[in-house]
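Report on one structure; see the data block that follows.
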Amino acid sequence: MVSLTFPDGSVRDYDDGITGSELALSISKSLSKKALAISLDGELQDLADPIEKNGQVGIITRDNEEALELIRHDAAHVMAEAVQTLWPETQVTIGPVIEDGFFYDFAREEPFSLDDLEKIEAKMHEIIKKNEPFTKEYWSREKAIEHFKAKGENFKVELVDAIPEGEDLKMYKQGEWMDLCRGPHMVSTGQIGTGFKLLKLAGAYWRGDSNNPMLQRIYGTAWSSDKELKAYLHRLEEAEKRDHRRLGREMDLFHFQEEAPGSVFWHDKGWRLFQTLIAYMRRRQEENDYKEVNSPDMMDKGLWEKSGHWEKFGEHMFTTETPDERVYCCKPMNCPGHVQIFKNGLKSYRDLPYRVAEFGKVHRYEPSGALHGMMRVRHFTQDDAHVFCTEEQITEECVHLNEMILSIYKDFGFEDVIIKFSDRPEKRVGSDEVWDKSEAALKTAVEKAGMSYELNPGEGAFYGPKLEYVLRDAIGRDWQCGTVQVDLNLPGRLGAFFIGSDGDKAHPVMIHRAMFGSLERFCGILIEHYAGRFPLWLAPQQVAVCTIVSEAEPFAEKVMEKLKAAGLTATLDIRNEKINYKVREHSHAKVPVLFVIGKREAEEDTVSIRRLGSKDQEVVNIDEAIAALVKEATPPDMR
RNA sequence: GCCGCUGUAGCUCAGUGGUAGAGCGCACCAUUGGUAAUGGUGAGGCCGGGAGUUCAAUUCUCCCCAGCGGCACCA
């Protein structure tokens, strides 16, 4: 007997070996028709499989969240069948479910074209219409290898080889086509439905390793209904509208051009946003006892060799040779510079923790394919800081940093923050003992702060483990921004020490931290998060003063003076255009506040206020209006 | 860096083996209009760069550069 607990809490006993479909049928005929699979203790399993243990059971239908995984997985199989039907010389590899969809990687000499996607989609519809059942067979390793070898499916042979000895080897068949697969699958191809679409073509390395051959990946999305598919495609369009590259151009914030790939040309408005962020962070750092410094943009290559950067990242550094035949590196990080500042003048334990911060512009020769708007550039400004402290101080400093980071994100409207903990990578400096210590210290700090974290094994920096702060934006996308890294290596390598209370020399611990991370990138994230509609304190242009008739111009100019005196950024629009036109244009430019001034306002010392995104107007006395805006435009940390 | 796609006016995009077109924007003129496009006129292009094929290349071929979508990378 197996004892199964249903979602409503009821518990019922069944004969051993009852299958999912028998179970569904035992509940109701209609449910058994709708059933796609079952879940047992949260794990999906084929309807045809016997239930062999007690547990929480659920019948999965299209209405369940979990159904998407099945639909997408089945769609991937059907796509692979479609591709091999159309181009039999193609080898199949893997085709997993991903967020919002699926992909399948193929090996084929000739590249797929965008037109091919339509053909594949059409073929998929045919296969789905046939509604062939998915059936499962257990094969021996030898049989599978022989099968795939005979078909010339070399990648599949590799996959079979990689399956651990003793593990079941399952082949799923739909019609004539079959694939090695862990499962589970739905009952038949027809259950996929029509809510899918192939989206894009891409190259992808076999097994994610750049030493391996490149395969052709086809991405698709799949949903339980056409309506959901449509909604998803609509979401993609909306996301595109808030693309910072597009808004940057439309709002005249910055531009890029060929002569400086991966570098931002900041226009006045964008630069104002940038400066607003720096001013904010500068206040927060002063409040938290940081010393702001500035270190050289270029330093002798020798220093970078000592720090270990040259060995690990030399290929990605900009260098220059001067007429005196010295080689300098444009700094890709600020830390070695900060160590020099720490080293200048003998430090005592009384000077610790010694916190140095710099808005340093760093230069990294990023691979061409990695560049992406402001999210990945070759020259960017970090809100970088290094805390030199004793080992005993690590925990307290990290707990403090954690509080500061979360409070800062909150001021920008990011409340949803995830922490990732990355431990030692393969390529690293320093002994295992030092790494043990650093990792333990950082872990203790997160735990002391009462935060939970995800483990990111092997992803630490070469000199130390790190915490990564990932924030979720207005449309649910994750961005990794802040980082806290404990480093017991660099100070030693670069000869930094302090005199301890016992009078002996000791190397300090260095905590690297950035909160915005890259200012350029953070600006990009803010643009996308707010879709260009910045809160007043961040908006690079806060007010547009628009006249209706030329008679109102003298008053409008007076309003401008008052705005300027109040410290608000405003532009005056006295163009010979109708008010409709002006409202439309400034709304497109996402100016948060419009002051409309006609004859009436000029006579009464008022302005008609229209806020971005609203059709309402409010007529307010000019001084009161400005006072209210000044209050609203106060940065959150100064309220 | 790798795979694929793209590069025509400030922007969005048509187009052709015989050196180019639209809409918006811009300039000028008229219009003084009350909250998301007033009308008219006009200027604006080495068709990403280089080589080749051709009588002739923006168009075809090759190389390079940049951008886009991924992969890999990300101190």
Side-chain angles (χ1 to χ4, degrees), chain A residues 103 105 110-114 116 199-219 243 245-246 249-250 252 255-262 304 307-317 331-336 362 364-373 375-378 382 384 425 427-429 459-464 466 480 483 485 487 490 512 514 517-518 521 546-553 574 576-588 594-601 608-617 619:
Chain A
F103 67 75
D105 285 347
E110 208 188 316
F112 292 115
S113 73
L114 247 40
D116 291 339
L199 296 176
K200 52 196 173 193
L201 286 166
Y205 295 109
W206 166 236
R207 298 189 145 178
D209 185 336
S210 57
N211 297 312
N212 287 342
M214 183 152 278
L215 307 170
Q216 298 189 62
R217 177 171 296 179
I218 302 178
Y219 283 95
D243 189 307
R245 291 165 297 187
R246 177 179 171 148
R249 189 177 51 239
E250 286 175 3
D252 194 17
H255 84 270
F256 292 93
Q257 67 185 51
E258 277 195 29
E259 288 79 358
W304 302 101
S307 71
H309 287 91
W310 183 258
E311 199 203 341
K312 185 138 201 290
F313 293 105
E315 280 176 28
H316 299 282
M317 283 161 79
K331 62 174 171 187
M333 289 195 79
N334 300 300
C335 27
V362 295
R364 300 176 179 181
Y365 184 72
E366 300 284 8
S368 55
L371 303 179
H372 180 92
M375 302 308 187
R376 191 84 183 268
V377 287
R378 287 181 173 157
Q382 290 181 320
D384 202 4
K427 220 173 157 185
R428 58 179 185 261
V429 296
E459 296 292 317
F462 72 90
Y463 47 70
K466 60 183 179 185
Q480 192 211 300
T483 167
Q485 308 172 1
D487 178 1
L490 264 191
H512 308 240
S518 149
R521 183 162 175 271
C546 305
T547 52
I548 297 173
V549 290
S550 42
E551 270 177 86
E553 280 169 27
I574 51 170
N576 182 10
E577 295 292 349
K578 290 194 170 176
I579 192 61
N580 285 306
Y581 184 87
K582 294 185 184 181
V583 166
R584 180 182 151 87
E585 201 174 82
H586 294 294
S587 300
H588 277 312
L594 297 189
F595 278 5
V596 175
I597 294 174
K599 229 154 85 182
R600 275 205 305 275
E601 288 80 2
S608 165
I609 305 175
R610 178 177 169 136
R611 305 289 301 222
L612 179 61
S614 163
K615 287 193 174 179
D616 299 337
Q617 303 150 38
V619 180

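Since the model is a prediction, treat every value here as computed from it, not as a measurement.
- Of the candidates B:U32, B:A36, B:G70, B:A36 carries the atom nearest the A:Arg584 side chain, counting heavy atoms from C-beta on.
- The A:Tyr219 side chain lies nearest to B:G70 when the options are B:G70, B:G34, B:G67.
- With distances taken from any side-chain atom of A:Ser608 to the nucleotides B:G33, B:U35, B:U38, the minimum falls on B:U35.
- Looking at heavy-atom distances under 4.0 Å, A:Lys599 makes contact with a base.
- The nucleotide whose nearest atom lies closest to any side-chain atom of A:Asn580 is, among B:G33, B:G69, B:U38, B:U38.
- Looking at A:Asp243 and A:Arg245, a side-chain N of the basic residue comes within less than 4.0 Å of a carboxylate O on the acidic one, giving a salt bridge.
- Minimum atom distance to the side chain of A:Pro111 is reached by B:G4, of the listed B:G7, B:G4, B:U32.
- Comparing A:Pro332 and A:Arg610 by the nucleotide of RNA chain B that holds the closest heavy atom to each, the one mapping nearer the 5' end is A:Arg610.
- With a 3.5 Å ceiling on both atom-pair distances, the Watson-Crick or G-U wobble partner of B:C71 is B:G1.
- The side chain of A:Lys578 sits closest to B:U38 out of B:U38, B:C3, B:G67.
- Evaluated for a side chain to side chain contact (heavy atoms under 4.5 Å, CB included) with A:Phe313, the options A:Tyr365, A:Phe462, A:Trp304 yield exactly one hit, A:Phe462.
- Of the candidate nucleotides B:G34, B:G69, B:C73, B:G34 has the atom nearest to the side chain of A:Arg600.
- Taking only distance into account, the side chain of A:Arg376 meets the base of B:C73 through a donor-acceptor pair shorter than 3.5 Å.
- Using a 4.0 Å heavy-atom cutoff across all strands shown, A:His586 reaches no nucleic acid atom at all.
- Within the shown strands, B:G10 is the pairing partner of B:C24 under the Watson-Crick or G-U definition, both distances less than 3.5 Å.
- Across the strands present, B:A57 finds no partner; the criterion is a Watson-Crick or G-U wobble pair with both atom distances under 3.5 angstrom.
- The side chain of A:Arg364 has B:C74 as its nearest neighbour among B:C74, B:U38, B:C71.
- Base-pair partner of B:G44: not found among the strands shown (Watson-Crick or G-U wobble, both distances under 3.5 Å).
- A:His512 comes within 4.0 angstrom of nothing in the nucleic acid, heavy atoms only.
- Within 4.0 Å (heavy atoms only), A:Arg245 reaches sugar-phosphate atoms of the nucleic acid but no base atom.
- Residue A:Glu258 places its side chain closer to B:A66 than to any other of B:A66, B:U38, B:G69.
- Looking at the side chain of A:Pro261, the nearest of the listed nucleotides B:G67, B:C71, B:A36 is B:G67.
- A:Ala461 comes within contact range of the sugar-phosphate backbone alone, with a heavy-atom separation under 4.0 Å but no base atom that close.
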